[in-house]
A.B. asks: 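The structure is given below, and queries will be raised subsequently.
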There are 2 protein chains.
Amino acid sequence: MENDLYNRNAIVDRLREFGINPTHQRIEIAYALFSRQEHLSADQIMAAVNTKHSETSKATVYNTLNLFVKRKLIREVIVDPSKVFYDPNTHVHHHFYDLAAGVLTDIDGDELHLTGLPKLPEGMAIESIDVIVRIYPKQHLNS
Amino acid sequence: MENDLYNRNAIVDRLREFGINPTHQRIEIAYALFSRQEHLSADQIMAAVNTKHSETSKATVYNTLNLFVKRKLIREVIVDPSKVFYDPNTHVHHHFYDLAAGVLTDIDGDELHLTGLPKLPEGMAIESIDVIVRIYPKQHLNS
DNA sequence: AATTGAGGTTAGACGTAGTCTATTTCTTGG
DNA sequence: CCAAGAAATAGACTACGTCTAACCTCAATT
């Protein structure tokens, strides 16, 4: 597993690139996200990092995720009112959100395009553009 | 104000159209949303409805908003991890979200178009498509 | 090796949006 | 006007996320 693109050495380099001091906890949290290449919520990350005996506190998980977001190492995805997902993929892309399963999947940025974005309000700049396609299984019975 | 498009008589009709029994509280909540034609959060709606002396409980506000969403009289807009906005505009449209002010504004559905939406995962159907353009004032100092 | 101090981690209290439950009140058909 | 089902209510409760103040780590300095 040492030539894995996302082994811990690669993670350490990546954190340094983004100006983040690579501590144990930060490495483990980054590893949880990048090795899976999935969209995880904070509690899923906490569980992933604390499989054996609890090692990383809730405060550290949140501190670290917020730091990663601020340094643009990862992205927040806001699709569910009850929790935020964290996305290790920083390329331009969008998301399907499976409402029944609560699972996000990527839509490649080369496929989906936007046209006709109107002029922004005066003095404003774009921070990000999110497209979320909410989907559900056809045989799903709505409550 | 009686020939307002969104006077209370029109609201009552609208609720009935959507199969919603028009009680006092439901009329007031719908009126708060439709007369303003703005995107309000649950607590803003609660404040709007209880200007004089408290009349409508928190439970009723949430029950009613969830009912309206289920019956598709209004739409939820999920852009801020700390609260949900409710949107009285049911036409196809998208949103600017001003990160500094926490305010939503509409992007007309006739302007902004999506192309190249990939095939959905097997057996899935689309529930909705949301486009959120997050914006900020240029002179805004990031923390 | 001991000191220092800034950055990092921690437990647990706290804030708060939203839900739930048990009870009361309203609405409406007859 | 009455009964029964629908709706509203207060307030307890849950859960995600934040905050605080104490503690730990480690590199730089002496």
Side-chain angles (χ1 to χ4, degrees), chain A residues 11-12 15-16 18-32 39-50 52-71 73-86 99 102 104 143, chain B residues 8 11-12 15-16 18-32 39-50 52-71 73-87 99 102 104 143:
Chain A
I11 294 281
V12 168
L15 291 177
R16 292 221 172 88
F18 284 78
I20 298 166
N21 189 3
T23 65
H24 290 303
Q25 289 88 339
R26 287 168 178 178
I27 293 165
E28 287 311 308
I29 289 167
Y31 185 75
H39 307 81
L40 302 177
S41 59
D43 65 317
Q44 290 174 314
I45 290 163
M46 184 128 88
V49 163
N50 291 330
K52 320 219 160 194
H53 20 68
S54 188
E55 287 159 352
T56 302
S57 72
K58 185 171 66 153
T60 298
V61 170
Y62 280 101
N63 286 344
T64 300
L65 290 171
N66 289 335
L67 175 66
F68 286 2
V69 169
K70 203 199 302 182
R71 293 287 211 279
L73 177 67
I74 63 176
R75 243 173 81 180
E76 271 182 336
V77 186
I78 300 164
V79 289
D80 185 314
S82 77
K83 66 191 164 213
V84 173
F85 287 95
Y86 295 90
L99 295 164
L104 278 168
S143 53
Chain B
R8 286 180 174 69
I11 294 281
V12 169
L15 292 177
R16 290 222 172 87
F18 283 79
I20 298 165
N21 190 2
T23 65
H24 288 155
Q25 289 89 338
R26 286 167 179 179
I27 293 166
E28 288 310 309
I29 290 168
Y31 185 75
H39 308 81
L40 302 177
S41 59
D43 66 317
Q44 290 175 315
I45 291 163
M46 184 127 90
V49 163
N50 291 330
K52 319 217 160 198
H53 21 70
S54 188
E55 287 160 355
T56 302
S57 71
K58 184 169 67 153
T60 298
V61 170
Y62 280 101
N63 286 345
T64 300
L65 290 171
N66 289 335
L67 175 66
F68 286 1
V69 169
K70 204 199 303 181
R71 293 286 211 280
L73 177 68
I74 64 177
R75 244 172 80 180
E76 271 181 338
V77 186
I78 299 164
V79 290
D80 186 314
S82 76
K83 66 192 164 214
V84 173
F85 288 95
Y86 295 90
D87 187 347
L99 294 164
L104 278 168
S143 53

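A note on names: the letters A, B, ... follow the listed sequences, proteins ahead of strands, and every chain is numbered from 1. Nothing here was measured: the structure is a model prediction, and the numbers come from that model.
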A.B. asks: Separation of A/L40 atom CG from D/dC16 atom P, in whole Å?
C.D. replies: 15 Å
A.B. asks: Just verifying a value: how many Å separate B/E28 CD and B/I45 CD1, rounded to the nearest 0.5 Å?
C.D. replies: 13.0 Å
A.B. asks: Among A/T56, A/N50, A/V49, exactly one meets side chain to side chain contact (heavy atoms under 4.5 Å, CB included) together with A/V61. Which residue is that?
C.D. replies: A/T56
A.B. asks: For B/I74, enumerate each residue passing the side chain to side chain contact (heavy atoms under 4.5 Å, CB included) test, keeping only those at least two apart in sequence or located in another chain.
C.D. replies: B/L33, B/F34, B/L65, B/F68, B/V69, B/Y86
A.B. asks: For a quick test of reading the model, state the closest non-hydrogen atom pair linking B/L40 to B/A32 and the distance between them.
C.D. replies: CD1-O, 4.1 Å
A.B. asks: For nucleotides 24-30 of chain C, give me every protein contact, N/O to N/O, under 3.5 Å, one pair per line with atom names.
C.D. replies:
none

A.B. asks: For A/E76 and D/dG17, what is the distance between atoms CD and C1' respectively, to the nearest whole Å?
C.D. replies: 11 Å
A.B. asks: Please state how far atom NZ in A/K70 lies from atom P in D/dT18, giving the value in whole angstrom units.
C.D. replies: 12 Å
A.B. asks: List in chain and number order the residues that pass side chain to side chain donor-acceptor pair (under 3.5 Å) with B/D43, two or more places apart in sequence or in another chain; answer none if no residue qualifies.
C.D. replies: B/S41
A.B. asks: Tell me: CE of A/M46 to P of C/dT9, nearest whole Å?
C.D. replies: 14 Å
A.B. asks: How many whole angstroms separate atom CZ of A/R71 from atom P of C/dG7?
C.D. replies: 11 Å
A.B. asks: Mind calculating the distance between CD1 (A/I45) and P (D/dC16) to the nearest angstrom?
C.D. replies: 13 Å
A.B. asks: Locate the shortest heavy-atom distance separating A/H39 from A/F85; write the atom from each residue and the value.
C.D. replies: O-CD2, 3.7 Å
A.B. asks: Please list, for nucleotides 11-20 of chain C, all pairs of protein and nucleotide N/O atoms separated by less than 3.5 Å.
C.D. replies:
| from | atom 1 | to | atom 2 | distance (Å) |
| --- | --- | --- | --- | --- |
| C/dG18 | OP1 | B/V84 | N | 3.1 |
| C/dG18 | OP2 | B/Y62 | OH | 2.8 |
| C/dG18 | N7 | B/K58 | NZ | 3.3 |
| C/dG18 | O6 | B/K58 | NZ | 2.7 |
| C/dT19 | OP2 | B/N66 | ND2 | 3.3 |

A.B. asks: Quick one: list whatever passes side chain to side chain contact (heavy atoms under 4.5 Å, CB included) with A/T23, sequence neighbours left out.
C.D. replies: A/Q25, A/R26
A.B. asks: Taking side chain to side chain contact (heavy atoms under 4.5 Å, CB included) as the definition, give me every residue that meets it alongside B/I78, ordered by chain and number, with sequence neighbours left out.
C.D. replies: A/I78, A/P81, A/R134, B/E76
